> 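Sharing a structure, written as structure tokens. Questions coming.
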Amino acid sequence: MDRILFPRSNFEQLRNCPIDQLEEDIARTSIRLKLQGDLQTDHDRTRYKAELDKLSVFKYISQLRKGKLSFEDFGQKVELIT
């Protein structure tokens with residue numbers, strides 16, 4: 001399984017923001033994904049995959065903050081980039 005690439009600056013921001021804000025970001029992104037229609041073009045599928053990866057990282061950060069995921073396990077799922 002490939003790790004998801006995610007900017008370190010965004011990670012730090014989400015790691016330090018109020019947990020309610022992070023949960024709102026998760027809910028908003030999840031709703032946006034559910035509302036996307038038929039993915040007919042490669043561009044649509046690529047954009048959907050990027051949004052799905054972003055949602056996954058948000059959820060991993062939430063689990064990390066709640067102590068449900070270790071930083072080591074997080075690092076196996078997400079690669080922080082500059």
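Throughout, numbering of the chain's residues begins at 1 and tracks the sequence. Keep in mind the model is a prediction, meaning the values are calculated, not measured.
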> With rounding to the nearest 0.5 Å, note down the distance linking CD in Q13 to CZ in R8.
15.0 Å

> Just verifying a value: how many Å separate I19 CD1 and L14 CG, rounded to the nearest 0.5 Å?
9.5 Å

> Under 3.5 Å, which donor-acceptor pairs link side chains of residues 23-31 to any protein atom two or more places apart or in another chain?
{"unit_1": "E23", "atom_1": "OE2", "unit_2": "S62", "atom_2": "OG", "d": "2.7"}
{"unit_1": "E23", "atom_1": "OE2", "unit_2": "K66", "atom_2": "NZ", "d": "3.4"}
{"unit_1": "D25", "atom_1": "OD1", "unit_2": "R28", "atom_2": "NH2", "d": "2.5"}
{"unit_1": "T29", "atom_1": "OG1", "unit_2": "D25", "atom_2": "O", "d": "2.8"}
{"unit_1": "T29", "atom_1": "OG1", "unit_2": "R32", "atom_2": "NH2", "d": "3.4"}

> The criterion is side chain to side chain contact (heavy atoms under 4.5 Å, CB included); which residues satisfy it with S70, sequence neighbours excluded?
E72, D73

> By the ring-ring contact (aromatic ring centres under 6.0 Å, His included) test, which pairs, at least two apart or in different chains, include something from residues 12-56?
none

> List for me each residue that meets side chain to side chain contact (heavy atoms under 4.5 Å, CB included) alongside R45, sequence neighbours excluded, and say none if there are none.
L39, D42

> Distance-only, no hydrogens or angles: does the R15 side chain make a donor-acceptor pair with backbone N or O of I61 under 3.5 Å?
no

> Do R65 and C17 touch side chain to side chain, with heavy atoms closer than 4.5 Å?
yes

> Test of understanding: clusters of I, L, V, M, F, W, Y form through side-chain heavy atoms closer than 4.5 Å, transitively. Do L35 and L33 belong to the same one?
no

> Within the 4.5 Å heavy-atom criterion, are L55 and E51 side-chain neighbours or not?
no

> Test of understanding: with ring-ring contact (aromatic ring centres under 6.0 Å, His included), list the residues that count as partners of F11, not counting sequence neighbours.
F74

> Which residues satisfy the salt bridge (charged side-chain N to carboxylate O under 4.0 Å, His left out) test with D53, sequence neighbours excluded?
K49

> Output the distance between atom CG (L64) and atom NZ (K77), rounded to the nearest 0.5 Å.
11.5 Å

